[in-house]
Amino acid sequence: MFKPDLTRADVTPEAVWMNRRQLIAALGAGSVAGASAPFAARAQEALEPHTWEQITNYNNFYEFGTRKDDPARNAQDMVTDPWTVTVDGLVDNPGAYSLAELIGDIPTEERIYRFRCVEAWSMVIPWNGFELNKLLAKVGVQDGARHVAFETAVLPDVMEGVNTPILDWPYREGLRLDEAMHPLTIMATGIYGRPIPNQNGAPMRLVVPWKYGFKSIKSIVRISLVAEEPFATWNQSQPNEYGYYANVNPNVDHPRWSQASERVIGGGLFARRQDTLMFNGYEDQVASLYEGMDLTVQF
Ligand SMILES: Nc1nc2c(c(=O)[nH]1)N[C@H]1C(S)=C(S)[C@@H](COP(=O)(O)O)O[C@H]1N2
Ligand SMILES: [Mo]
């Protein structure tokens, strides 16, 4: 089951540390060797992280431009120290915290997660961070809170994007409280053991690995505990295309493209597609959160 201290060995089933040939041999010839089971093969895949160069040069961060190579170039002037995060709403300890005060002595750990953008590309990223529930415990969630709302900084001097109406700024996202409390949901402050680069959402961003990437809001300056489902930027901009839940689901297509498979970033000539997994491969851990919901309606 879930262990709080995930390392690469923990997130990777033992069998996948063997190479594929050994795996096939171990499972008995024919059981995975046939062309029959791409899905089964994916369930056993090794979570081999993408490179630092890939993770930090192919980004979505519309505040810094809409092309994938814009953020790496344009985000470098964002000052992330000092950084203030306002915590408000239904909490015992509201306030404007420095990042150091807010994180305090919460230890960081490594989490190697699949990352699946709604645009149907994916990577594997070795984050450093901590469970959001630890931060929420510190600020004290009050009765009546049902959702957590997040906001990204708006810095017109360095973010050329916020001076244009491409999105309704600030970039905002939200999670239902049980999703926010789930142990897979983290606040990331690093990648590969280094401070998280600006283009990836420095100094602190959300990572919700079973949801489309747009839920994982970057460079957070406000966290609000609220009763009602909060404003979520992509959901509000095109509700028929981007749901509030935005759970990765190969069976529910985007109106303009299939979500059944994804392009794995990198590889150049060897770029490959793979089947998209229900809840991005985290079904065992999170499916129970959505019991009784029609995921084709509440997508
Ligand atoms: N503030 C903010 N957060 C954001 C975005 C953005 O444009 N602005 N893009 C989202 C989308 S669509 C994706 S896929 C991920 C990309 O994260 P990465 O660049 O670290 O891979 O960030 C998400 N968080
Ligand atoms: Mo995305």
When you measure from the side chain of [X] to the backbone of [Y], do you find a donor-acceptor pair of N or O atoms at a distance under 3.5 Å?
X	Y	answer
Trp169	Leu167	yes
Asn59	Asn200	no
Asn280	Pro209	yes
Arg172	Pro170	yes
Arg176	Leu289	yes

Derivation of the ring-ring contact (aromatic ring centres under 6.0 Å, His included) call for Tyr244 and Phe299: CA-CA 7 Å; Tyr244 177 73; Phe299 60 91; over 10 Å; no
Spacing of OG1 belonging to Thr86 relative to CG belonging to Leu102, to within rounding of 0.5 Å: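 It is 10.0 Å, given to the nearest 0.5 Å.
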Judged by modelled atom types alone, do [X] and [Y] share a side-chain donor-acceptor pair under 3.5 Å?
X	Y	result
His182	Tyr282	no
Gln54	Thr51	yes
Tyr192	Arg194	no

Criterion side-chain hydrogen bond (donor to acceptor under 3.5 Å, both in side chains) on Gln259 and Thr276, from CA distance to verdict: CA-CA 7 Å; Gln259 295 292 26; Thr276 289; 5.9 Å; no
Sub-6.0 Å ring centroid separation between Phe214 and Tyr242: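 Centroid distance Phe214-Tyr242: below 6.0 Å, so yes.
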Ring centers of Tyr62, Trp234 separated by less than 6.0 Å: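 Ring-ring flag for Tyr62/Trp234: true, centres closer than 6.0 Å.
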Qualifying salt bridge (charged side-chain N to carboxylate O under 4.0 Å, His left out) pairs with a residue from residues 211-221, counting only residues at least two apart or across chains: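 Matches after skipping sequence neighbours: Glu173-Lys215, Glu179-Lys211.
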Parallel, tilted or perpendicular: ring planes of Trp121 versus Phe115, cut at 30 and 60 degrees: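 Geometry flag for Phe115 against Trp121: tilted rings.
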Plane angle bin for Phe64 and Phe61 - parallel if under 30°, tilted between 30 and 60°, otherwise perpendicular: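 Perpendicular: the ring planes of Phe61 and Phe64 meet at over 60°.
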Side chain proximity check, Arg222 to Asp88, heavy atoms < 4.5 angstrom: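 Answer yes - side chains close enough.
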Derivation of the side-chain hydrogen bond (donor to acceptor under 3.5 Å, both in side chains) call for Asn128 and Thr108: CA-CA 6 Å; Asn128 309 98; Thr108 56; 6.0 Å; no
Step-by-step side-chain hydrogen bond (donor to acceptor under 3.5 Å, both in side chains) determination, Glu241 to His254: CA-CA 6 Å; Glu241 300 195 355; His254 186 279; 3.3 Å; yes
Candidate list His147, Gln236, Arg146, Glu151, test side-chain contact (heavy atoms from CB on, under 4.5 Å), partner Pro230, passing option: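 Among His147, Gln236, Arg146, Glu151, the one that satisfies the side-chain contact (heavy atoms from CB on, under 4.5 Å) with Pro230 is His147.
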Pair Arg263-Ser122, side-chain hydrogen bond (donor to acceptor under 3.5 Å, both in side chains): steps then yes or no: CA-CA 6 Å; Arg263 177 173 57 93; Ser122 72; over 6 Å; no
